Amino acid sequence: MQKKFRLTRSEDFKRVRRIGRSYAHPLVVLVAQASNILERKGARVGVAAGKSVGNAIQRNRAKRLLREALRPHLASIVAAYDFVLIARPALASATLDETRDALLNLLRRAKILPTDES
RNA sequence: CAGGCUGGUUGGGCAAUCGCGGUUCUGCGUUGACGGAAUCGAGGAAAGUCCGCACUCCAUAGAGUACGACGUCGGAUAGCACCCGGGACGGGGAAACGCCGUAAGGCGUGAACCUGCCGGAAAAGGGCCACAGAAACAAACAGCCCCGCUCACGCGGGGUCAUGGUGAAAAGGUGGUGUAAGAGACCACCGGCGUUUACAGUAAUGUAAAUGGCCAGGUAACCCCCGUCGGGAGCAAGGCCAAGCAGGGGCGAAAUCGUCUGUGGACGAUGGGAGACUGCUCGUCUCCGCACGCGCUCUCCCUCUUGUGGGAUGAGCCAGCCCCGGGUAGGCUGCAUCGAGCAGCGCGGCGACGCGCUGCCCAGAGAGAUGAUUGCCCAGGCGCUUUGCGCUGGACAGAAUGCGGCUUAUAGACCAGCCUGAAGA
RNA sequence: GCCUCGAUAGUUCAACGGACAGAAUAAGGCACUCCUAAGGCUUAGAUGCAGGUUCGAUCCCUGCUCGGGGCA
């Protein structure tokens with residue numbers, strides 16, 4: 001995922017975590033906020049993994065899984081959204097397919113992706 | 001061949017597609033959060049942060065104290081406490097052998113090797129040594145012996161550590177001489193600690209001999225004493241740029257008319273000022289009670305001409321722009337190609353390591369890049385119809401200023417060597 | 001990145017280097033009560049792990065494993 005689609009500032013993370021809506025799944029938690037900057041299109045994503053996920057290897061693994069699972073669907077998100085994906089401990093031992101299912105489920109519940117798309 | 005042990009190397013390989021980060025080059029009717037090409041992209045521990053440095057800032061005349069670390073010998077190194085090679089004293093260690101045992105087994109000797117520790121208690125001082133025991137660093141409980149008193153039992157004084165019991169530890173052990181009884185008090189042999197000499201070794205130390213020297217404990221990973229070393233903090237160090245808010249300084253316009261209104265005031269016109277747009281003018285838009293004052297509004301206090309005057313270091317209001325210093329968010333740098341650098345070869349050294357030659361340039365993120373899929377192969381595991389096939393499947397673990405050492409985690413694979421036993425030539 | 005403190009019964013805390021490791025509470029049992037609670041009697045239960053110093057270690061030293069604070 002290219003840097004222009006990422007959340008990079010600590011301020012952005014704080015804002016999304018404070019006023020965004022959250023959607024939970026056993027593997028991952030999604031916090032989303034509709035962006036109010038008019039000119040920008042597409043989404044910006046931040047990926048986080050706390051210490052409860054495991055050691056540095058397992059945290060990196062969780063974040064890479066989430067990025068890889070999101071990558072094919074990033075282009076189909078048209079609305080301007082900022083969202084944060086927070087890994088949970090079970091994600092460190094999950095497969096890519098499980099991660100993708102969890103992620104699509106969450107994105108549809110948050111209405112970031114249309115529900116009829118498969 | 002079996003068993004035990006040590007050291008070193010490695011830490012899956014090749015290819016394809018998609019994706020991510022850096023560097024260099026490059027393209028453009030579109031200078032972009034743009035596109036293209038080339039190239040590079042985790043480790044032996046990147047980890048823990050236990051030591052030592054480089055580097056940076058602060059402090060600093062010199063020396064000392066406090067505090068802390070270290071302390072066998074020699075070497076290596078930029079430096080280091082844990083590196084390398086030795087030494088003393090302990091602990092562990094298989095087969096085999098010896099002894100005991102019917103046996104199971106136990107005890108002892110004990111290879112390679114592993115492992116702990118190392119100034120001083122014989123230079124000074126303080127503390128502690130529970131329980132037991134008479135006594136724990138100075139002492140007589142029982143016992144033995146002598147003297148005095150007593151008819152006697154016994155009492156008092158003294159000598160003694162040989163004997164007894166206690167304990168982790170009680171003036172080295174055995175035999176004798178000696179004595180009232182005893183005692184290294186003395187003698188012989190042995191043991192330990194020193195001193196001297198000779199030999200080996202750079203040295204620690206070892207071996208041997210001599211000694212008309214000693215044998216009153218332990219503990220310094222208790223305080224302490226002696227010697228050596230250490231200024232403090234850390235890349236979130238430090239340097240540069242610098243929104244916004246606040247602060248300081250400066251520029252800046254000294255007016256008329258009309259309408260409405262109880263006052264206060266509101267609106268409009270003309271002219272003016274400040275700023276923005278523009279290369280400039282014009283023009284358009286926004287702001288300004290066109291005052292920083294003898295100002296306006298509110299609050300409080302005093303007075304008394306009851307709505308006048310005075311006072312308050314009480315609150316509030318007054319366009320916009322420019323400059324200045326420190327500096328927050330943030331950005332750039334430190335910081336990624338010159339280094340205690342890496343690889344290969346040769347030489348010296350038992351080794352840590354050093355020297356020489358040749359070649360190479362080798363990650364650099366910043367919410368933090370190494371991922372996904374597929375195929376073939378190499379180890380490994382499981383199953384079977386065991387020349388083989390099928391299924392499965394990859395340890396510990398992720399750079400964050402950089403190095404050296406240590407510690408901890410780690411599936412396996414490969415190489416070299418040492419010791420013991422058995423068999424064979 | 002750095003600096004500190006700690007680890008003891010199920011829980012919260014004690015304990016000069018001297019073993020029967022203490023207290024409160026929780027747990028089990030016994031009586032009491034018509035039943036329960038409170039109160040009474042009683043029982044069991046622990047030094048994070050591995051080495052070392054010492055006659056002897058919860059305590060001293062070293063290395064690990066966890067956990068809590070603090071600075072910027």
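The chains referred to below are lettered A, B, ... by the order of the sequence lines, with proteins before strands, and numbering in each begins at 1. It should be emphasised that the depicted structure is a prediction, and the values quoted were computed from it without experimental measurement.
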Taking atom [atom1] in both [N] and [M], compute the distance separating them and give it to the nearest angstrom.
N       : M       : atom1 : result
B/rU299 : B/rG316 : P     : 16 Å
B/rC403 : B/rA47  : P     : 11 Å
B/rG43  : B/rU10  : P     : 12 Å
B/rA221 : B/rC57  : P     : 42 Å
B/rA400 : B/rG71  : P     : 32 Å
B/rA171 : B/rA216 : C1'   : 5 Å
B/rG283 : B/rC294 : C1'   : 42 Å
B/rC415 : B/rC55  : P     : 47 Å

Please tell me if A/Arg61 has a side-chain N or O lying less than 4.0 Å from either OP1 or OP2 of B/rG371. no

Does A/Arg67 have a side-chain nitrogen or oxygen under 4.0 Å from the phosphate oxygens OP1 or OP2 of B/rG368? yes

Syn or anti for [N], taking syn as within 90° of 0?
N       : result
B/rC245 : anti
C/rA27  : anti
B/rG44  : syn
B/rG12  : anti
B/rA274 : anti

Give me the atom names and distance for the closest heavy-atom approach of [X] to [Y].
X       : Y        : value
A/Ala24 : A/Leu106 : O-CD2, 3.8 Å
A/Ala69 : A/Leu96  : N-CD1, 4.1 Å
A/Ala90 : A/Pro26  : CB-O, 4.3 Å
A/Thr99 : A/Leu91  : OG1-CD1, 3.8 Å

Where the side chain of A/Asn60 is defined as all heavy atoms beyond and including C-beta, which of B/rA372, B/rA369, B/rG371 is the nearest nucleotide? B/rA369

Does [N] have a Watson-Crick or wobble partner in any strand here, with both distances under 3.5 angstrom, and which is it?
N       : value
C/rG22  : C/rC13
B/rU166 : none
B/rG271 : B/rC290

To the nearest Å, how far apart are [X] [atom1] and [N] [atom2]?
X        : N       : atom1 : atom2 : value
A/Arg100 : B/rA372 : CZ    : P     : 12 Å
A/Leu65  : B/rA369 : CG    : P     : 14 Å
A/Lys63  : B/rA372 : NZ    : P     : 16 Å

For A/His25, is there any backbone N or O sitting under 3.5 Å from a side-chain donor or acceptor partner on A/Arg88? yes

Reckon A/Leu96 touches a base, only the sugar-phosphate, or nothing at all at heavy-atom distances under 4.0 Å? sugar-phosphate

Which distance, rounded to the nearest 0.5 Å, do you find between the CG of A/Asn105 and the OH of A/Tyr23? 12.0 Å

Nearest nucleotide by nearest heavy atom, which residue falls closer to the 5' end of RNA chain B, A/Gln58 or A/Ala48? A/Ala48

Walking RNA chain B from its 5' end, the first of A/Glu68 and A/Gly46 to be reached, judged by nearest nucleotide, is A/Gly46

